[in-house]
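Letters go in sequence order (proteins before strands), and every chain restarts at 1.
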There are 2 protein chains.
Amino acid sequence: MVARDRRRVTITDVARHAQVSTTAVSKVVRNAYGVSEAMRVKVQAAIDELGYRPHHAARAMRGRTFTIGVLLPHIRNPFFADILDGLTEEISASGYQAIMVQSGGQDPAAERRAGDALVDRQVDGILWVAPCCAKAQLEQLARDTPTVVLGRHDRSAVYDCVLDDDEVGAELVVEHLIALGHRRIGHITQKDDLPGRAAALLQTIRARTYERVMTEHGLAAHIAVAATSYSEEGGYEGARQLLARDPRPTAIFAGADGAAFGALAAVHEAGLTVPGDVSVAGYDNARMSGLAHIALTSVDQDGAVMGKTAGRLLLERIDGRTSAVRFSVTPTLVTRRSTAPPSRS
Amino acid sequence: MVARDRRRVTITDVARHAQVSTTAVSKVVRNAYGVSEAMRVKVQAAIDELGYRPHHAARAMRGRTFTIGVLLPHIRNPFFADILDGLTEEISASGYQAIMVQSGGQDPAAERRAGDALVDRQVDGILWVAPCCAKAQLEQLARDTPTVVLGRHDRSAVYDCVLDDDEVGAELVVEHLIALGHRRIGHITQKDDLPGRAAALLQTIRARTYERVMTEHGLAAHIAVAATSYSEEGGYEGARQLLARDPRPTAIFAGADGAAFGALAAVHEAGLTVPGDVSVAGYDNARMSGLAHIALTSVDQDGAVMGKTAGRLLLERIDGRTSAVRFSVTPTLVTRRSTAPPSRS
DNA sequence: GACGGTATGGGCAACGTTATTCATCTCATC
DNA sequence: GATGAGATGAATAACGTTGCCCATACCGTC
């Protein structure tokens, strides 16, 4: 329609075209107070005719960017996809756009750079998934930018928390294995070199709960933890460590599905069968886990609900709420063929 | 250190502190021409002391944002993680930051919104992974913003292309299955409702190549294509359709690993075994495919190299290159236990 | 010592938007 | 008809940065 000249259409063009002031156009665009219906219609027509879109950077210099920043350790973890779907669903109606940045997992320096990148881009709010930095850093961020932290157990007065009850989840798995008759149950956890903040990390909760439940059942002597990482490689390596013990465990509880997949590979490679020789259970109930060929017993936490909630909390905070909210989902156990009673060996 | 007052540190603060002009500071920050070593040191000291970080939005209003936008259909596909890793590695040294936006797969309207979101945020370049929109739309975008398209086979004079040679890849799979002795080989593809642009889509190339190779081997009568989607659900449904045929195929070539996983589940559910009753092969060689429990024969395309190359091409384009480049990786076949000669039934 | 070239630093005007302040107009009330 | 309140629209001044242009300092050469 319009002659597509090189220069972009600005609010001034719209104002001139509609024969009103730029202020009036701005008000219409922002749905601000003090515009008559006639004005609104006239301006809107000019906007449509010229194909005007507000200049994002110019807006950012004055205030809102209508952008939510999402900080993910990495996008390989399929559980994050659920979270993002939930978030997107919640915020899209309100005109916000989510942008993602990878923080790179366990390197605090890289994580900080990624966080700064979002702050620099003046996002209106940040959803920080499974941060590994110190709580103080989170709080400093949260003082300037509305923040929701997903998957950590610290309590804060300045940011909101969304998490699953990892204590319940881990307990479900260990109780399930014990009920099946297992006594030598190993655990694969993620080891972070982050002095002082371990207690808040979900991997710590899962590992401690494993130890607690084992102890409560008089199985303290059988506690065996391989501290590697919540990845396929970590699970593979962890399982090898556990299987090398004598006597070897009859069940392995991996703290995450990815690690469980690696454990499955290690068990298989050792010439053992699942669940005949070794039962394996995971955590997160990734879609892959449900596949017939894997059939991994796992803990389901509703990622979509967590993402949706995180989005809602962020919008509320952007809207002015200052009190802190803590939202916890209760996980459930999904039993599949990878766990069974131990053989009588 | 510095009194952390509410206002952010601006270039003016730095200039005042170093007792130079804002212009000088700007030049130092940008590594621009015309700064003496002494000036550089003095200004840098002031920058460090005050903890100055350039205001992104203000920069954006003048020009560069040092941001690369990445448009992904969705982050669930693990292959995209490889691409992103490669991209990040390439661009991080040059001070660029990648931000990701989900385009939402097969909905052109959502995809357009996602693209606009990046354009609005004035990214310096866009890596568009597997777009489903019309070529004209890509070209219009590319005329304003340096663009690299990954995973489509159109040729364009205004954007660069990074792709794997899907014809070679698909041929490898089908030839492999035929060499094993299979004749009734089914294919699962993705059906898009995008009139006129199908020929450029990778799923079309893979499907057409399947048909071509089958025909070349005199197996045209055994061609059987299930047009669902490149997802787990799609693979499951597609495999069910194929297995319902009489006689049923002895091998299934799924156009993507995700679909292959779904196919494995469907085969299993039908009471059949892999590869005893049905061989299954995929495409992408996702990490999961290598797991001992899955052991899926698949086509490996080096995602990290593709991402790295895309990053390099983008930087070159941002730097002023206007000629179009086309980079194609040659895929290889990784054979695993999911494919074997057909039984004599 | 006058001159020209080069290297370096500074002043200023945008970029497009919006919050604030101000001017006008309408209408009801006394 | 004077007054005041409320509604509406416009003018203006930032926000922080950088591109352009000019001023100055320094150097070597004739």
Side-chain angles (χ1 to χ4, degrees), chain A residues 5-47 50-67 95 116 119-122 124 144 320, chain B residues 5-47 50-67 95 119-122 124 144 318 320:
Chain A
D5 38 314
R6 229 69 216 119
R7 233 174 47 73
R8 71 175 297 148
V9 179
T10 75
I11 202 172
T12 314
D13 301 328
V14 177
R16 189 163 32 227
H17 195 261
Q19 309 203 30
V20 298
S21 71
T22 59
T23 307
V25 178
S26 175
K27 281 184 179 174
V28 170
V29 170
R30 289 176 292 132
N31 268 319
Y33 176 82
V35 236
S36 63
E37 181 57 17
M39 171 66 94
R40 207 193 58 70
V41 169
K42 185 167 60 175
V43 170
Q44 190 58 53
I47 289 177
L50 298 180
Y52 166 74
R53 289 215 307 261
H55 189 330
H56 180 78
R59 282 186 133 174
M61 274 193 60
R62 304 280 323 180
R64 290 279 103 85
T65 59
F66 296 96
T67 308
D116 285 349
V119 172
D120 286 346
R121 281 160 186 77
Q122 265 187 285
D124 296 331
D144 290 333
Chain B
D5 39 313
R6 228 70 216 121
R7 232 174 48 74
R8 71 176 295 149
V9 178
T10 75
I11 202 171
T12 314
D13 300 328
V14 177
R16 192 162 29 225
H17 194 261
Q19 310 204 26
V20 297
S21 71
T22 58
T23 306
V25 179
S26 176
K27 282 183 181 174
V28 170
V29 170
R30 289 176 291 131
N31 267 321
Y33 176 82
V35 217
S36 65
E37 182 57 17
M39 172 65 94
R40 209 192 58 69
V41 169
K42 185 167 61 174
V43 170
Q44 189 59 53
I47 288 176
L50 297 181
Y52 165 73
R53 290 214 309 262
H55 189 332
H56 180 78
R59 282 186 136 175
M61 275 192 58
R62 301 282 322 182
R64 291 280 103 84
T65 59
F66 296 97
T67 307
V119 172
D120 285 346
R121 282 161 187 76
Q122 265 188 287
D124 296 331
D144 290 334
I318 292 173

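Along DNA chain C, the nucleotide closest to A24(B) and the one closest to I11(A) are compared, and the more 5′ of them pairs with A24(B). Comparing K27(B) and E37(A) by the nucleotide of DNA chain D whose heavy atom lies nearest to each, the residue mapping closer to the 5' end is E37(A).
Residue S26(A) places its side chain closer to dT18(C) than to any other of dT18(C), dG16(D), dT17(D). Nearest nucleotide to the A58(A) side chain, out of dA10(D), dT17(C), dC15(C): dT17(C). Of the candidate nucleotides dG9(C), dA13(C), dA10(D), dA10(D) has the atom lying nearest to any side-chain atom of S21(A). When distances are taken from the side chain of R30(A) to each of dA19(C), dA10(D), dG19(D), the shortest belongs to dA19(C). Listed nucleotides: dT18(D), dA19(C), dG19(D). Nearest to the side chain of T23(A): dA19(C).
Distance, D120(B) CG to dT17(C) P: 11 Å, rounded to whole Å. Protein atom NZ of K42(A) is 13 Å distant from nucleotide atom C1' of dA10(D), rounded to whole Å. Atom C1' of nucleotide dA25(D) and atom CE of M39(B) are separated by 13 Å, given to the nearest angstrom. Summarising the geometry, the separation between NE2 on H55(A) and C1' on dT17(D) is reported as 12 Å, rounded to the nearest angstrom. Here dG10(C) presents its P atom at 14 Å from CZ of R16(B), a figure rounded to the nearest Å. Rounding to whole angstrom units, CZ of residue R40(B) and P of dT8(C) are separated by 13 Å. Distance M61(B) CE to dT17(C) C1': 7 Å, rounded to the nearest Å. Whole-Å rounding puts the Q122(A) CD to dG16(D) P distance at 10 Å.
Inspection of the R30(B) and S26(B) side chains reveals an N or O donor paired with an N or O acceptor under 3.5 Å.
Atom CD of Q122(A) is separated from atom CG of D144(A) by 11.5 Å, given to the nearest 0.5 angstrom.
Counting heavy atoms from C-beta outward, H56(B) and T67(B) have side chains that approach closer than 4.5 Å. The side-chain heavy atoms of R53(B) and V9(B), taken from C-beta on, include no pair separated by under 4.5 Å.
Note on T22(A): every side-chain N or O is 4.0 Å or more away from OP1 and OP2 of dT18(C). Proximity of R62(B) to the phosphate of dA14(C): no side-chain N or O atom is located under 4.0 Å from OP1 or OP2. Residue Y33(B) places none of its side-chain N or O atoms closer than 4.0 Å to OP1 or OP2 of dG19(D). For dT18(D), one of the phosphate oxygens OP1 or OP2 lies less than 4.0 angstrom from a side-chain nitrogen or oxygen of R59(B).
Using a 4.0 Å heavy-atom criterion, one finds that V29(B) contacts no nucleic acid atom at all.
Remark: side-chain polar atoms of T22(B) are not paired, donor with acceptor, to backbone N or O of I11(B) under 3.5 angstrom.
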